[in-house]
Amino acid sequence: MQKKALHLKVIKWLEWAILSIALTVMLFPLIMVFTDSLMGKQELLETCGAVLADTADETTFRVFPCYPTLRSYVRLLLDTPEYFTAFWNSVIQVATVLVGQLIVAVPAAWAFAQFRFPGKQALELLYMVLMILPFQVTMVSGYLVLDALQLLDTRAAVILPAIFSTLPVFILQKTFAGIPEEMIEAAKLDGAGSFRIFFSIGIPLGMPGIFSILILGFLEYWNAIEAPMTYLKKEALWPLSVYLPRMMDGELLTIFAASVVTMLPAVLLFLEGQESLERGIALSGVGNSEEHR
């Protein structure tokens, strides 16, 4: 028994050590960005000059700045109007996409999960194919369609394709399919119609899945870079994901501060909604959609 307990203890310590090393490796870039955002220009050149300004032979890492300062944040927040323009572009684009996905994906997922109609299997197969296609495959055709509709260089060029994304429908379909059929039948016996069942049963019981698609959608489109780079040429419409790399050519002092401020909404949302995200993803895999029809 003692040998077994010792063996289990050793395994536990090994797991802890491996996980700690993995966590350190993953957090190291974030720690470095935050640390560098507290440096003055001279100290920043000493540590990252080889990468950012070609003024040093090698990069170095400091756990904490020798002379910490908030000057970069002050300059970013008070003297960089271009950053605020890009920030609000991101807010407008992401908020519009998420609202549009709720309007489109929630009813579509409910229909796939609860109704039978001609061509349903073909549509489900089409959704699956579209979900696995990378942006690079549809980039040219999407560009031509948007150009024909005269939507290039407008926010709609980024927003409209994202609203009709297939991933939210896939997640919510599995969530709605997990609703017990007995509950739906009981509501029908009580005289509830399709809309009443959808709003009174489907949406309340599907809230974990709805929260999960909102969180995943925010993380995806807050950091989206391919579609904005392809469809938006006007700098006044650039979101943060496109604007930040261009800061490399500008003010060195505000680069890391801008990165920290840009990360905050996504990090805070993930930490706040982590439980809802886990529940939604777990529910999206409960049951098979054919078992509840």
Of all heavy-atom pairs linking W222 and A266, the shortest is CD1-CB, 4.4 Å
Donor-acceptor pair between T262 and Y83 side chains, under 3.5 angstrom = yes
Check: Are W238 and Y243 close enough that their ring centres sit under 6.0 Å apart?
Finding: no
> Given the rule that I, L, V, M, F, W and Y join up when any side-chain heavy atoms are under 4.5 Å apart, are Y231 and M229 in one cluster?
Replying inline: no
Worksheet item: Do L38 and F256 have side-chain heavy atoms sitting under 4.5 Å apart?
Response: no
Would you say I210 and T175 make side-chain contact, with heavy atoms under 4.5 Å?
-> no
Rounding to 0.5 Å, atoms CD (E82) and OG1 (T85) come to a distance of 7.0 Å
message: Side-chain heavy atoms nearer than 4.5 Å, only ILVMFWY residues, links allowed to pass through others: does that put V267 and L244 together?
response: yes
Donor-acceptor contacts under 3.5 Å from residues 13-26 side chains, at least two apart:
from : atom 1 : to  : atom 2 : distance (Å)
S20  : OG     : W16 : O      : 2.7
T24  : OG1    : S20 : O      : 2.8

In this structure, OG1 of T96 is separated from CZ of R155 (nearest 0.5 Å) by 8.0 Å
Q.
Using modelled atom types and a 3.5 Å cut-off, is there a donor and acceptor pairing between side-chain atoms of D147 and backbone atoms of L152?
A. no
d(I184 CD1, I179 CD1) to nearest 0.5 Å is 5.5 Å
- Query: Could you walk me through whether I213 and L172 pass the side chain to side chain contact (heavy atoms under 4.5 Å, CB included) check?
  - Reply: CA-CA 8 Å; I213 68 168; L172 284 177; 3.5 Å; yes
Minimal heavy-atom distance between L219 and F270, with the atoms involved, is CD1-CD1, 4.2 Å
Inset, instruction - Could you check if a side-chain atom of V97 sits within less than 4.5 angstrom of a side-chain atom of Q101, using non-hydrogen atoms only? - result: yes
Sequence neighbours excluded, the answer for side chain to side chain contact (heavy atoms under 4.5 Å, CB included) partners of E272 is none
Quick one: does R196's side chain get under 4.5 Å of D190's, heavy atoms only? no
- Do I171 and L216 come close enough that some side-chain heavy atom pair is under 4.5 Å? yes
